Amino acid sequence: MATVHSADGTAISYDRVGSGPAVILVDGATAYRAVNPMAAELAELLSPSFTVYTYDRRGRGQSGAAATDVTAADSVAAEIADLDALIAEAGGAAALCGVSSGAVLALEAARAGSPISQLALYEPPFVVTGDRAPVPDDYRQRLQAAVAEGRRGDAAAMFLTYAVGIPSEYVDGMRQGPHWPGMEQIAHTLSYDAAVMGSTMSGEVKELERFAAVQVPTLVLYGGNTEPWIAAAAQALAEVLPSALLDSLEGQDHQVAAAAIAPSLSRFLG
């Protein structure tokens, strides 16, 4: 384990394995190294050909905490600065591989001009069709208010209900389960992912048009067994990006297996 410091001084903890061109794996909401073995497995699979970095996004795991009362734009800018610090540590340029909202953070970093050689994006969770409910306009503000009032469990429940789309009656049962304290522990970071997603879960495909400025060669992936709205999101993004390839992974859903995605990443990044 090693540490770099972001522009605002926040410590970002990371691991590095392998040898070759730099690749940074970017987790989605709630995930970090201690609870996401898939990232470490994927890093090992890619390590014969690439130097792979896994890291804890700010506020999670062993990375430093950060303010939760900042604007959405400042929140995204801070997470991009975290990636820039890692890219500098990696030699000044890197490919980014993001999963779920981590894919959208990687896209935003490319849009901001970070030195990214390639993008590989697995199932960015945009809502661009009418087959699931959009996220409420004040979703991020509700998350922030719940955390500020000490209602971390309510914030986690909002994330699962509004962003993930799990029916509230199932979430009520999850709150009694053994993993719920971990959800509450990282509840303050859910507003970071809400900021990253912005208006792209509104149900309007036009909200993806801002990514048309991203010229970085990009591989957009989705699982063959994933929900239709997520597959539609991947397809819509690939149509917007000027340098995108689109592919599906047979038998996979939103919880992609490292062994299933590694071959596609190796071919594209190589």
Side-chain angles (χ1 to χ4, degrees), residues 1-16 21-34 36 39 43 50-122 124-126 140-141 143-144 147 185-200 208 210-211 213-218 241:
M1 185 192 74
T3 301
V4 295
H5 286 86
S6 193
D8 64 357
T10 300
I12 303 299
S13 181
Y14 70 92
D15 287 312
R16 177 179 58 209
V23 178
I24 299 173
L25 307 184
V26 188
D27 281 329
T30 77
Y32 55 97
R33 289 172 300 167
N36 182 25
F50 305 96
T51 302
V52 188
Y53 294 76
T54 56
Y55 77 107
D56 292 339
R57 286 173 56 187
R58 59 173 50 211
R60 311 180 196 179
Q62 295 177 308
S63 287
T68 58
D69 58 351
V70 296
T71 67
D74 286 344
S75 178
V76 176
E79 290 222 76
I80 292 172
D82 300 344
L83 280 169
D84 287 343
L86 284 166
I87 292 170
E89 183 71 14
L96 300 188
C97 298
V99 174
S100 193
S101 58
V104 186
L105 175 56
L107 259 178
E108 289 291 358
R111 193 165 73 97
S114 296
I116 298 166
S117 57
Q118 294 157 291
L119 288 169
L121 311 175
Y122 186 79
F126 304 128
R140 181 172 180 268
Q141 290 76 15
L143 291 173
Q144 289 177 305
V147 170
Q185 185 179 7
I186 52 82
H188 61 287
T189 69
L190 296 172
S191 66
Y192 306 168
D193 286 277
V196 166
M197 296 306 301
S199 58
T200 61
L208 305 190
R210 66 176 181 268
F211 299 122
V214 175
Q215 300 290 329
V216 177
T218 303
L241 294 173

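Computed from a predicted model, the values in this text were never measured in an experiment.
With values rounded to the nearest 0.5 angstrom, His188 atom NE2 is found 10.5 Å from Arg58 atom CZ. Interatomic distance, Ile116 CD1 to Leu83 CG, rounded to the nearest 0.5 Å: 7.0 Å. Atom OH of residue Tyr53 and atom CD1 of residue Ile12 lie 15.0 Å apart, to the nearest 0.5 angstrom. Atoms CD1 and CG, on Ile186 and Asp56 in that order, are 12.0 Å from each other to the nearest 0.5 Å. Taking CG from Leu121 and CG from Leu107, the interatomic distance works out to 5.0 Å, rounded to the nearest 0.5 Å. Put simply, OG1 on Thr54 and CG on Asp15 are 4.5 Å apart, with the number rounded to the nearest 0.5 Å.
Across every non-hydrogen atom of Asp84 and Pro115, the tightest pair is OD1-CD, 4.2 Å. Heavy-atom minimum distance, Glu89 versus Arg16: OE2-NH1, 4.4 Å. Nearest heavy-atom pair across Pro124 and Ala103 is CB-CB, 4.2 Å. Here the closest non-hydrogen pair linking Ser114 and Ile87 is CB-CD1, 4.4 Å. In plain terms, the two heavy atoms of Ser117 and Val216 that are nearest each other are O-CG1, 3.6 Å. Annotation for Ser101 and Pro125: closest pair N-CD, 3.6 Å, computed over non-hydrogen atoms.
The side-chain heavy atoms of Gln62 and Thr3, taken from C-beta on, include no pair separated by under 4.5 Å. Contact annotation: the side chain of Asp27 never approaches that of Tyr55 to less than 4.5 Å [non-hydrogen atoms, C-beta and beyond]. Between Arg57 and Thr189, every side-chain heavy-atom pair lies at or beyond the 4.5 Å cut-off. For the pair Ile80 and Leu105, the minimum side-chain heavy-atom distance is below 4.5 Å. Contact check for Leu190 versus Thr30: side-chain heavy atoms found under the 4.5 Å cut-off.
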(request) Assess whether side chain to side chain donor-acceptor pair (under 3.5 Å) is satisfied between Arg140 and Ser75, documenting all intermediate values. (result) CA-CA 11 Å; Arg140 181 172 180 268; Ser75 178; 4.6 Å; no
(message) Using side chain to side chain contact (heavy atoms under 4.5 Å, CB included), reason through Tyr14 and Ile24 one step at a time and then give a plain yes or no.
(response) CA-CA 10 Å; Tyr14 70 92; Ile24 299 173; over 6 Å; no
(message) What verdict does the side chain to side chain contact (heavy atoms under 4.5 Å, CB included) test give for Glu108 and Glu79, after you've listed the backbone C-alpha separation in whole Å, the side-chain angles of each residue and the deciding distance to 0.1 Å?
(response) CA-CA 10 Å; Glu108 289 291 358; Glu79 290 222 76; over 6 Å; no
(request) Kindly indicate, with the supporting measurements, whether the criterion side chain to side chain contact (heavy atoms under 4.5 Å, CB included) is fulfilled by Val214 and Leu119. (result) CA-CA 10 Å; Val214 175; Leu119 288 169; 4.0 Å; yes
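Ion pair Asp193/Arg60 flagged as a salt bridge, since at least one NZ, NE, NH1 or NH2 atom sits closer than 4.0 Å to an Asp/Glu carboxylate oxygen.
Checked by atom type and distance alone, the side chain of Ser63 pairs as donor or acceptor with a backbone atom of Ser13 at under 3.5 Å.
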